Every structure is written in structure tokens, then in C-alpha cells.
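Reading through the C-alpha cells given below for one structure.
Note on naming: letters A, B, ... go to the chains in the order of the sequence lines (proteins, then strands), and numbering restarts at 1 for each one. Predicted model only: the values in this text are computed from it and were never measured.
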Amino acid sequence: MGTAKLLSAIHFRPIPFIVQNSLQKLQIGKTQYKPYPKSLRNLATDLIKSYFQKGLTEEAHKLFDEMSERDVVTWTAMISGYTSSYHHTRAWTVFCDMLRNGVEPNAFTISSVLKACKKMKSLSRGTLVHGLAIKTGTKGSLYVDNALIDMYGSCDSMDDASMVFEDINAKNCVSWTTLIAGYTHNGDAYSGLQLFRRMLLEEAEANPFTFSIAVRACTSIGSDILGKLVHAAVICHGFESSLPVMNSILDMYCRCGCTSEAKQIFLEMSQKNLITWNTLIAGFERLDSKESLYIFSQMESDGFSPNCFTFTSVVAACANLAVLYCGQQLHGGIFRRGLNNNLELSNALIDMYAKCGSITDSHKIFSEMSCTNLVSWTSMMIGYGAHGHGKKAVELFNEMVRSGIKPDKVVFMAVLSACSHAGLVDEGLRYFRLMKSYYNVTPDQEIYVCVVDLLGRAGRINEAYQLMETMPFKPNEAAWVALLGACEAHRLPSTVKLSALKVLDLKPNRVGTYVMLSNLYAAVGKWGSFANLRKLMRGTGDKKEAARSWIELKNQVYSFVVGDNIVFQNGQVHEVLELLVIHMKEAGYVPNLDSFLHDLEDGT
DNA sequence: CTAGGGTTAG
């Protein structure tokens, strides 16, 4: 019976005992023909491999258990099967069993188990295997050495990775690429690029893999200048035809903010795939959300079908633009395509609905998710915070902790900001203390700014100022801006002046600060200082953009600034705005017209 | 039976 035939027979309905029968039948010939046992094992190994490829790990395990004779190849097939199907710990267990059974590992085994160590991020086990590789003489095989580089690189041990690399006398392309990737993934992209340069100088053979990781290194540094150099090298080596390489170049230009370069590359690319479109759409979501929606419509008319990556970006674009109707339409498309179970996409939808003002829809998505992660909870809490439901955000935090998810820095920023906007000062301060003492998260500068804001908004300016003095950082611009806003809101002219001057010291061109300060001078009748400051402001060359508001009405977004005659744009918009003003007055809102008057005098 | 690369969220 041929292997192929046997394999196809069990393809759809794997029944191990049938296989076992077949194997036993084959064993009849064992006494007559010596080579049979070996081919028998080969056949079983082929089966194991085939089971793993189909994702049938249990079947592979059963067959392995039923085998009377196993050689290195069989053991290795199990190890590499488990490793490539994300059962790293089981791969390790099999490896240990193998050693206990007295089977000596070969180069195949060692590189497979090193991959498992890499996935487990276990430096201790990886180092153990390194020693074993030396003992068994398998170190020296390029496969083993390259796997060692990769393992050390993934376990944040770049010195060891580099040592193994330098020890190889016949380095190949994989050796170079793996080490470059190691540096880049460890946040040391400069060393990665330095190595890449050395590689080109030594005229080692580079392939598309090498170039895409080099481009990625430039992206993580955020340097389009280096990126352009690598791009030139790509052209010199004739890898412009490689789609992965061009996709990473496109990503690099997007993330470095080079809008026109990104567009040009995209237009010039002779072949594009879904990843190409997704990269461009994701890039423009960050740079120009409106444009990313336009690109999305082009993609569909170009015959590409969006996947969850695509939708995640365009949903985020809707969140940035606060266009609810558009977001709802996308949500419909997501549902039709059955993508509504994707974790990242659901997280983006939570954020979108919250930013578009529909917090109930955010919660509906959140509550219907089959699995959630830290980001899901955080998005929901940020949504509640922005809608003024500080209590709900805090409740959610406690529920999250109870469900066994460990909070990180961003969650605490969400809690603190929610407390700040809901006036839950003491609650916020309690979490700030627990953050260090109980959750073991070290507060950074951004967290301190949140707490300054928390105290400031509540009018506890002195405490806010004290915290700024005692925090382990020199107060940055953001901290002073938070204090400045608080002082202004609580009408404390002397502290406004102090903090405004501090902000100007740290960021001389911040026009908003000049505006606040000049309004302050005007309020106390110091017209001379007021005029001086306004003059200074013009000298900064940084113009304050007029504050823009917008309203979405019947699938159309209308934006306007002070003084726009909205009746001309659309009578209905005007009506809606009038209604809003009535509601606001009913709710007791008294507009602050202090600064408004001065702006009129200034003629702006 | 063995090694390296391209797109997603707070």
C-alpha cells in the first residue's frame, strides 16, 4: 500500500485503529525484508506530520503512543508538530521524554526544540538546549546555530545571539537576517541597521526577507531618511518586485508621515494585494482619516474584499471623524461578512460608538463579545469616562480585575481620567495609591499629569501643585497645561499667570497659552499687558486655528466656526443648533463670554 | 523531522 494512498484514505476520517491495522499488515513482511521496519517508521512519521498539518494533534499523539518503535525522526516529528501548532509546552515535554528514553537528539531535533523555547520565551530552557547542542556535536549545523540566534534574540539576550552569530564561519542569509530581526524586535533598530550595513559591505547575499526587516528597522526608528536609503538599496538589488518588501516600504512611509511618498509608492506598485491596501488604509487612518475612507471605497471598486484588518482601520477612522452613520454602515458590512467575532475589530467598534456619542451601542458590543482582552475593557472604560459615567468606569475596572485580567498603565489612565471628569476625586486618588502598592504598576509622567488634572478640575489646586513639586519628574508642558486649565476654570488669576509663564517657558509657541494669559490681563483690566501679549502672539508665527465644531445630520457632516452663517449652509442645521442652545439653557448652562468679548475687540 | 519577512485595537 502506497503512503499517498494511505494518507488520502484517512484524510477526512482519521481512524487510528485502521492505520494500526495497516501497519500490522505491513509488519508481516518484517522477517522477510530487512528494510521494512525503517519504512514503517517513515510511514508513521509521515502520518504524524500529516495529522499535525491538518490540526489533528490528538490523533498524532494517539498514533505516536501506539507505535512500538520510535526513532529520532519520529520524536522530532512530534516536537516540531507541537511547536508549529502552538503547543510549545507539550513540545518541550516530548523532548524531555525523548531524552529520558535515551534517544540522542540530532540537528533537526535541536532546532525544533529551540523554536519551542523561543515561543515560550524561556531563556533558561534555551540555554540548556544550547549546552546539549555542544555536547551532541550538533552545534555547528547552520540550522542549529541560526535557531540559537533566533531563540536568544526572542529571549532578549542579544549579546548571546551576537556571540553565536560571530562564531559561525559560513554565515548564510538566514543568520544575518535573524540577527538583524533580533535587534529590531528588541527595540535596538540602530544596531540592526548597522549590521545590515555590514552585511551589504561584506557583500553577503541578501534576499527579500533581509530587506523587509531592514525597512522595518527604519520604521521603528521613525526615520524616513534612513528608510529612503534602504529603499534605494532595495532598488539596487532588484527587489522592487517583491510584494512583501514593497508593502513594508509603504508602511514605512505611512508611519513616518510621508504622505506623498506613500501615495506615490502605492500608485507605482505594479502588483498589489489585500495587505497593500490595508497598509495604506491603516496608514491614512492615522494621518488623514477622511482620506482613508476614500481609499477604502476605491479598494472596493478595485475588486478587493475587505477583511478584519481593513475594517479595524476604517472603523477607527470613523471614530476619529465622529461620523456615526458611516460607522453604522461599516458595522452592517462587518456583520454581513461574519467578521463580528473578531476581537480587535470589536474593540475598534466599542471605541467608535463611544466617540460617536452612542455609548449604549459600545456597551452592547462589549457585553456580546465571546472573549475580551485588556483593550476591550479599557476602550469601554474610556468611553464611559468621556460620557461622564465615572462610576460605571470604576465598576468596570473592578469587574475586570475580578475576571483575572491584570491592569496596565493605560487602564489606570482611563480610570483616573473617568474619575477626573466625574468629580470622583477621592476615588481616583485611591486608585492612584493602589496602582503602586497593590497592582505593582509604576506611575509614569503621564499618570502624574492625570492626577494633577484630577485634583485641578476639582479645584484642589494647592494639592495639584504640591504633587507636581514632589513627583519624581520635572513637570513637563502637559502637567503645567493641566494646572493652567484648572486655574482658569476656577478663576485663580495669580496661579494662571504662574503656570502660563511656565508653559510658555517650556513651549514658547503655544498660542493657546497666550490667549489664556491675555484674557486674564483683560479680565483684570491690565490693557497694556494685554496689548503687548497680543503683539507677541503674532510674532510667534504660530496662528491659532479657529475652534471648529461639527454636527452630523442625515448622513452629512457640517462643520462651522464662530461667525459662520449656518443658515446659508443648511437651514436644518441651523434649526438643530438653535434647539441645542435651548436645551443647554434649560439645563442651566451659562456660557462664559469673558474671552469672547476681547476676541471681538481684537477683530478676530 | 530543521532556521528568517509584510497589515489590526485602548
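Nucleic acid contact for A:T45: none, since no nucleic acid atom lies under 4.0 Å from a heavy atom of the residue.
Residues of residues 357-372 of chain A having a heavy atom closer than 4.0 Å to DNA chain B: none are found. A heavy atom closer than 4.0 Å to some atom of DNA chain B occurs in A:Y143, A:N146, these being the qualifying members of residues 133-148 of chain A.
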task: Report the secondary structure of DNA chain B in dot-bracket form, marking unpaired bases with a dot and bases paired to a different strand with |, and treating Watson-Crick or G-U pairs with both distances under 3.5 Å as paired.
output: ..........
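Between A:Y82 and A:H61, the side chains place a donor N or O and an acceptor N or O closer than 3.5 Å (distance only, hydrogens not considered). Checked by atom type, the side-chain pair A:N247/A:N278 shows no donor-acceptor distance below 3.5 Å.
A:K115 has no side-chain polar atom (N or O) that falls below the 4.0 Å cut-off from OP1 or OP2 of B:dT2.
For A:F284, the ring pair (Phe, Tyr, Trp, His ring centres under 6.0 Å) criterion is met by no residue, not counting sequence neighbours. Partners of A:K228 under the side chain to side chain donor-acceptor pair (under 3.5 Å) rule, at least two apart in sequence or in another chain, are A:E261. Residues meeting the side chain to side chain donor-acceptor pair (under 3.5 Å) test with A:T210, sequence neighbours left out: A:T177, A:N207. When the ring pair (Phe, Tyr, Trp, His ring centres under 6.0 Å) test is applied to A:H130, the partners found at least two apart in sequence or on another chain are A:Y152. In this view, A:Y431 and A:F397 satisfy the ring pair (Phe, Tyr, Trp, His ring centres under 6.0 Å) rule, not counting sequence neighbours. Remark: A:A77 pairs with A:T45, A:I48 by the side chain to side chain contact (heavy atoms under 4.5 Å, CB included) rule, at least two apart or across chains. The side chain to side chain donor-acceptor pair (under 3.5 Å) check on A:H331 picks up A:Y353, with sequence neighbours excluded. Residues forming a ring pair (Phe, Tyr, Trp, His ring centres under 6.0 Å) with A:F209 (at least two apart in sequence, or on another chain): none.
For the pair A:I110 CD1 and B:dA3 P, the computed distance is 14 Å after rounding to whole Å. A:K119 places its NZ atom 12 Å from the P atom of B:dT2, with the value rounded to the nearest Å. Spacing between atom CD of A:E205 and atom C1' of B:dG4 amounts to 14 Å, rounded to whole angstrom units. With rounding to whole Å, A:I48 atom CD1 is found 11 Å from B:dC1 atom P.
A:F266 and A:W277 have perpendicular rings, their planes meeting at more than 60° on a 0 to 90° scale where under 30° would count as parallel.
The base of B:dC1 lies outside donor-acceptor range of the side chain of A:S80, with no N or O pair under 3.5 Å.
For A:K171 and A:F165, the positive end sits near the middle of the six-membered ring, less than 6.0 Å away and at most 45° from its axis.
The environment of A:E203 atom CD is sparse: at most 12 non-hydrogen atoms of other residues, nucleotides or ligands sit within 6.0 angstrom.
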task: List the protein contact pattern of nucleotides 5-10 of chain B with one symbol per nucleotide (5' to 3'): B for base contact, S for sugar-phosphate-only contact, - for none; contact means a heavy-atom distance under 4.0 Å.
output: BBBBBB
